[in-house]
Amino acid sequence: MTAHAAVLRRLPSVDEVLKTSAACAAVEQFGRPAAVAAVRSALDETRTALRTGGVVVAADTATADTVAQAALARLVAAAWPAVRPVFNLTGVVLHTNLGRAVLAEAAIEAAVAAMRQAVALEFDLSTGRRGERDSLVRDLLCELTGAEDATVVNNNAAAVLLVLNTLAKGREAVVSRGELIEIGGAFRMPDIMARAGARLVEVGTTNRTHAKDYAEALTERTGLVLKVHTSNYRIEGFTASVPARDLVALAREKNVPLVDDLGSGTLIDLARFGLAHEPTVAEAVAAGADLVTFSGDKLLGGPQAGLVVGRKDLIQKISRNPMKRALRVDKIRLAALEATLKLYRDPDRLADRLPTIRHLARPYDGIAAQARRLCPVLAAALGETFAVAVADCRSQIGSGALPLETLSSAGLSARPCTERGAGRTLDKLAQALRELPVPVVGRVADGALVLDLRCLDDEAAFAQNLAGLAGAADALA
Ligand SMILES: *Cc1c(COP(=O)(O)O)cnc(C)c1O
C-alpha cells in the first residue's frame, strides 16, 4: 500500500470531524447544514489532493481537528459580504469602482430610519391622500438650484435617457461634436440617444462649434438642444464652444428646450474650498437652461441618483413618461438624498459634515502629518522587504469632475528593497493589502506602491488593520 493510500484510509469520518470544537463552533455560527457541507468538502479536497498526489499530506496532518479548522475557515471566508468596505487610498476621491461618494452621517441615519420603518413615501400626511415621492425633495432642490421644479431618478444616465426620450423621441437632438462623450460603464451619448428614440444631429467639429452651427441645425424636427459637460476630457488648443447661456436666445426663438447635462453638478462654488470653480447647478439654471441634469453621488456627495431640475411644464412632462416609473428611486435613497441636500443649507459646516467635500478640501499639512504618524506602522508591518517612506502625491477628484485638476496630497510609498523581481514583489504586496480584513486599495506608480491618505478617515482602524499583514510579510520577501 502506498503512503497516500494509507493516509486516505486513516482520514477521519464526517462524524468524527463534527465532534471537534472547531466544527461545533461552525455549527453554532453557520448552522448545521452549512457546517456539514463545509466539512464534507474539506474532506473531499484532502482526498483529491492525496489521490492526485499533487500535495503530499503527512499522515498525521489530516486530523479531525485540521479538517474542521479548514471547514470553519472556508465558512468564515464565504460569510464576508460581497459588498465589502475598503480603504480607498487610490487618491481618487470619487472613485466610481469604489462606490463614489461616501455618505454623510446624517444621510446614513436617514437611510437606516427609512429602512427600519414604514415611511410617508407617496402619502400626503396633511390630507391623508396619495402623495408623490418626488415631492419629498422637490422644494429642497428648487431652493438650492433656483429651479422651478425637480424630479429624481436612478442615476444621471437615467436622467439623460428620460429627458431625451420625453422631449426628443422621434425627433432630433442637437449636440456639438465636441461633446459626444463616452464616460465609464459604456455610457456613450450617441447610444443613449438611439435608445431614447432620438435622432442625433451633430453640429460643429471636434474642436470648434459656433452658435451659427446650432442655428443652422434647428428645424421644426428638433426636439431639444443638448449641452454636455465634457466631464472626463478637455479639448485644448484651437477650440471654440458655445456656452449654454449663448444658446438661450436661439432656443427660445425656435421654441426648443435647451438641456444642460452637467454630469457632476456641484451645488456649491468649490472655490470656497480652494478648488477650481466648477459651474454650479444654480448657475446653469440662472444661465437659462430649461433643464439641467446631474448626479447625486458625484460632487454632490449623496447616494446614487439622477436629478433633473428646471421648467415646470417640462418636468411634469417627464414625470408623466411611463419610463419614469422604471427609473424611480426607492425610499432609502430618497431619505439619504434629502438629508444630504439639507446639509447644503449650511455651507459653512459642509466641509465638516459631508465626506466628499471634507476629503476634497483637506489641507496638505494635515495629510502629511498623518502620513508621518503612519509611516512607522506600515514599515513595521512590511518588515525588511520594503523601504517605506512618506511621499508627496497628487489626488484626483474623479467621476469626471475637473478632470485636469489635481490636489496636492501626501501618503506612504512602499518600494521593494531589491531591484530583482520588484514588479512581482509589488504585485504581491498590492494583493496582500487587498486580502486584509478591510482591503486596502492603493495604486502602483514609478516602482512603488503608493497609499494616498487624503480619504483616510479612521486612522486607528487603518493601523489596526495593517496588523493583519504580520503573517504575510514573510511571504512577500
Ligand atoms: C457621470 C456623467 C453622467 C452619468 O451619470 P451617472 O450618475 O454616473 O449615471 C452623464 N453625463 C455626464 C456629463 C457625466 O459626467
Side-chain angles (χ1 to χ4, degrees), residues 141-142 144-153 155-168 172-181 183 187 189 192-193 196 198 200-204 209 211 213-214 217-218 222-235 240-270 277-296 298-300 305-315 317-318 399-403:
L141 281 167
C142 292
L144 295 167
T145 64
E148 263 177 20
D149 204 350
T151 185
V152 186
V153 288
N155 57 12
N156 190 33
V160 173
L161 175 71
L162 186 61
V163 167
L164 285 167
N165 180 263
T166 307
L167 304 180
E172 294 176 352
V174 175
V175 192
S176 160
R177 289 203 167 85
E179 297 173 5
L180 288 172
I181 60 165
I183 55 171
F187 178 92
M189 204 40 97
I192 295 288
M193 294 249 176
L200 170 62
V201 173
E202 303 175 23
V203 300
T209 302
D213 297 325
Y214 287 97
L218 294 194
T222 311
L224 59 80
V225 175
L226 182 64
K227 280 290 296 176
V228 186
H229 188 286
T230 55
S231 295
N232 43 11
Y233 66 99
R234 286 280 177 278
I235 298 176
S241 63
V242 189
R245 121 175 54 81
D246 294 350
L247 292 173
V248 173
L250 177 66
R252 295 247 162 97
E253 184 199 325
K254 303 278 178 164
N255 200 19
V256 168
L258 173 63
V259 178
D260 196 350
D261 175 24
L262 278 188
S264 218
T266 174
L267 291 177
I268 194 160
D269 184 359
L270 296 172
H277 178 80
E278 172 88 338
T280 66
V281 180
E283 283 166 3
V285 170
D290 295 298
L291 290 175
V292 180
T293 58
F294 56 103
S295 291
K298 292 186 179 173
L299 283 174
L300 198 146
L307 305 147
V308 191
V309 302
R311 250 169 62 189
K312 193 173 221 59
D313 60 326
L314 299 180
I315 295 285
K317 219 169 152 186
I318 288 170
S399 284
L402 302 167

Margin query: The test is side-chain contact (heavy atoms from CB on, under 4.5 Å); show your working for L180 and L200 and say whether it passes.
Written below: CA-CA 10 Å; L180 288 172; L200 170 62; 3.9 Å; yes
Next item on the list: Report the residues that fulfil side-chain hydrogen bond (donor to acceptor under 3.5 Å, both in side chains) with R245, sequence neighbours left out, ordered by chain and then residue number.
Entry: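 By the side-chain hydrogen bond (donor to acceptor under 3.5 Å, both in side chains) rule, R245 matches no residue at all.
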Notebook entry, point to check: Can you name the side-chain hydrogen bond (donor to acceptor under 3.5 Å, both in side chains) partners of D261, sequence neighbours left out?
Noted result: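 D261 satisfies side-chain hydrogen bond (donor to acceptor under 3.5 Å, both in side chains) with N156, T293 only.
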Within-4.5 Å side-chain heavy-atom neighbours: [X] and [Y]:
X: D213; Y: R177; answer: no
X: T230; Y: R234; answer: yes
X: L162; Y: V308; answer: no
X: Y214; Y: K227; answer: yes
X: V160; Y: M189; answer: yes

Check: How many angstroms lie between atom CG of L141 and atom CD of E148, to the nearest 0.5 angstrom?
Finding: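 So the gap between those two atoms works out to 14.0 Å.
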Nearest heavy-atom pair of [X] and [Y]: which atoms, and what distance?
X: E179; Y: V228; answer: OE1-N, 2.9 Å
X: T209; Y: G178; answer: OG1-N, 4.5 Å
X: A217; Y: V201; answer: CB-CG1, 4.2 Å
X: S399; Y: S264; answer: O-OG, 4.2 Å
X: P257; Y: L314; answer: CB-CD1, 3.9 Å
X: L258; Y: A244; answer: CD2-O, 3.5 Å

side-chain contact (heavy atoms from CB on, under 4.5 Å), paired with [X], selected from [options]:
X: L247; options: V225, L218, D260; answer: V225
X: L300; options: V281, L307, I268; answer: L307
X: L291; options: L224, V309, I315, V285; answer: I315

Item checked: Backbone N/O of T280 and side chain of E283: donor-acceptor pair under 3.5 Å ->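 The answer is yes, because a donor-acceptor pair under 3.5 Å joins these two groups.
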Notebook entry, point to check: Would T145 and L267 count as a side-chain contact (heavy atoms from CB on, under 4.5 Å) if you check the C-alpha gap in whole Å, the side-chain angles of each, and the deciding distance to 0.1 Å?
Noted result: CA-CA 7 Å; T145 64; L267 291 177; 3.8 Å; yes
